[in-house]
Participant: 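I'd like to ask some things about the structure below.
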Amino acid sequence: MTVAQFVHQTKYADDATRVKIDPVTFEVLRNAFVNLVDQMSEQLLKTCYSFVIYSRDFSNCLCDAEGNTVAQGTQDIASHVGTLHWTAKAVIEAFAGDINPGDVFMINDPYLGATHFPDVRIIRPVFVDGTMIGMLQSNGHWADVGGRVPGSFDVTARDFFSEGLRIPPLKICDRGHFRGDVARLIVSNMRLPDERLGDLHAQMEATRVGETRLLELVDKYGAETVVAAFEECQAYVARVMSERLRRIPDCTYETVDYIDMDPTLEEGMIPIKVKMTIRNGRIHYDLTGSHGYINCFLNSAVGVTFSAIAAGTKTFFPDVPLNSGFYRIIDMDLPEGSVVLAPEPAATAGSVSGAFEKIMNAIFELWSRVLPERALACSFNLEYLLVGGRDGRGDPAERQGFMWYDWLAGGWGGRCSKDGANTTAPVFGVGLALQSCEVQERLAPITITKLEMKMDSAGPGKYRGGVGLEKGAILGACSDTVMSYCCDRARSVTWGIEGGLPSIPHGVWLNPEREDRRFLGGVFAGEALRSGDHFTRPAAGGGGYGDPLEREVSDVLEDVIDEYVSIERAAKDYGVVVHCIDKDVCDFSVDLEATCALRTAQRQSRKDKFSLPPSAVRQLFVDGAIDELDLVRHYGVILDFTQEDAPVLAHTTEQFRQSLRQRSLSHWS
């Protein structure tokens, strides 16, 4: 199916036929629609069974009768919002002529515009006097939807058949009758079916609350006015965005970001190319030249790719509401059969960690050139750690399966005049909450051993990236337990711009304090665990903005005092020589003369380091002359730490160095 076939050719009312709404009524209804969706969210939070959904991995929206998004809530997930109109339209197309009062629909199909199988959407049409006027949609991330591994993130998957249950548009309620047989069929193919069924009912109830609130507005203002406000909300956004874009001179920019690898191919990162053109009040995104779809779960289908484009653009226009009016000013060319338009049955469960985050950060870089006053370097990559098995606590006769589904906050990229935000939700959705350790320990046989800001995780720059987190845990009494990790940027390390440097690689360490410790990398599935195993991983900081040797010395000193930056890396990354006088009272000093000399020496020699043969750089690392952060930040060399001898990844290193030359070295004096 082509992109063109996904595009619903909506016939918008023209000014001559559109019902006129006075400005006060329009503003009241526009905000009432958002409030309506927020009430759906509150209902879902109160009734959901899954801790994942309770931690706000969900989104709701109001659509018009053609499936176009009218309003989202105030904390919805970016990667969801840009897909909700696709799934509404898919339901309308699949059930044309058979959508009735009391019907409720269900879908999770990424090939019809959804994100991935775990994001299950419930859609309720709303009728007035027998005519459908709109739809309420609730999308929740179910902690498991079946498949080969607990959590349904199988990095080894080459197609969707091992990723869980694919749900095309179907009726879960038919004219008010709940189809329990269909619901049981669905949840019986998933782990913890009772929890899944509870989430299904919670989402249905959220859409019912939305329907009630919408009909209250109809009673007050009339159906004709409410429906007219649906279109006016979209037209308003399209008009505002078009006017903003017309103020920008016509321009074209392009860049490239990378997924770490295709595990079935020779080493080398997977390029995603993004070209942006602004002209005549419109934006055109061309992703031609992006790599073909890969044999793992990091591909994206049309919904996720479009959502990344919309969310990346919206980030630079924070005051403009997001609805289908925003989408009207965006055009896109997506190459068929590519990693950004993966064909059925390519695996897509990890699309948000894979293609989505790369597209979104690439768009950040492009808009940073157009609106430099809002510039933003690359932010840390969304990551999920999943541990599932049999809970060994309590009575053996009552032991249940458990699913520990964990994600971390991390650092956003440095900005044109400010450091990046520390320990913030990923760009895929800033409404996502950091989960409670206490609740996690109650729900699963896992004890949290560490949750702290990670020193030196922020990408160095004149304005450094935000600081990331590190989390560790130990596995308690359990059996038949495996671990999977859905991330990326163990190799395509979070990058800086305008001279800024990268942050740190992602990846999980198993038993890091034992002799048999292993680095499992940034993407793996089905790693067997035993009681007593300890694992830890960081969420990276953001990339730096601007030359780190231009950072104010006083700011570097403050970072050392705050334990964001170590004394060692203050010298290596910023050329600032800091002495510790009394750590207990935060008494540190800067040797200004030594700092001046060190910065001068670094300016003269730093570019040469990126020309050293990677094999020679690896030997420096083996000899202990440099560390892992030196490899990435000062030599641009990527090693494969999942192998015992940590060989050089030659092609990956070449790509990574090219990225550094463009984003960092070319801006150094």
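In what follows, every heavy atom counts, from backbone to side chain, and hydrogens, waters and symmetry copies are set aside.
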Participant: Tyr327 and His85: aromatic ring centres closer than 6.0 Å?
Facilitator: yes
Participant: Looking only at side chains, do His177 and Asp174 share a donor and an acceptor under 3.5 Å apart?
Facilitator: no
Participant: Any side-chain donor paired with an acceptor under 3.5 Å for Asp64 and Gln234?
Facilitator: yes
Participant: Checking side-chain polar atoms at under 3.5 Å, does Ser59 have a donor or acceptor matched by the opposite partner on Asn139?
Facilitator: no
Participant: Atom OH of residue position Tyr49 - does it have more than 12 heavy atoms of other residues, nucleotides or ligands inside 6.0 Å?
Facilitator: no
Participant: List for me each residue that meets side-chain contact (heavy atoms from CB on, under 4.5 Å) alongside Thr47, sequence neighbours excluded, and say none if there are none.
Facilitator: Gln43, Ala202
Participant: Would you say that more than 12 heavy atoms from the other residues, nucleotides or ligands in this model lie under 6.0 Å from the NZ of Lys171, or not?
Facilitator: yes
Participant: For the residue pair Thr83 and Arg121, confirm or rule out a side-chain donor-acceptor distance under 3.5 Å.
Facilitator: yes
Participant: Are Tyr253 and Trp367 near enough that their ring centres are under 6.0 Å apart?
Facilitator: no
Participant: Can you list everything that forms a side-chain contact (heavy atoms from CB on, under 4.5 Å) with Leu197? Sequence neighbours excluded, please.
Facilitator: Ala183, Val187, Leu200, His201
Participant: Under 6.0 Å from the six-membered ring centre of Phe317 and within 45° of its axis: does the NZ or CZ of Arg244 meet both?
Facilitator: no
Participant: For Asp181, I'd like to know if atom CG has over 12 heavy atoms of other residues, nucleotides or ligands within 6.0 Å.
Facilitator: yes
Participant: With His141 as reference, evaluate Tyr405, Tyr54, Phe58 under the ring-ring contact (aromatic ring centres under 6.0 Å, His included) test and give the passing residue.
Facilitator: Tyr405
Participant: Is a donor from one side chain sitting under 3.5 angstrom from an acceptor on the other, for Asn31 and Glu27?
Facilitator: yes
Participant: Please, which pairs that meet ring-ring contact (aromatic ring centres under 6.0 Å, His included) have at least one residue in residues 231-250, sequence neighbours excluded?
Facilitator: Phe26-Tyr236
Participant: Step through the shown structure and confirm whether more than 12 heavy atoms of other residues, nucleotides or ligands are within 6.0 Å of CZ on Phe117.
Facilitator: yes
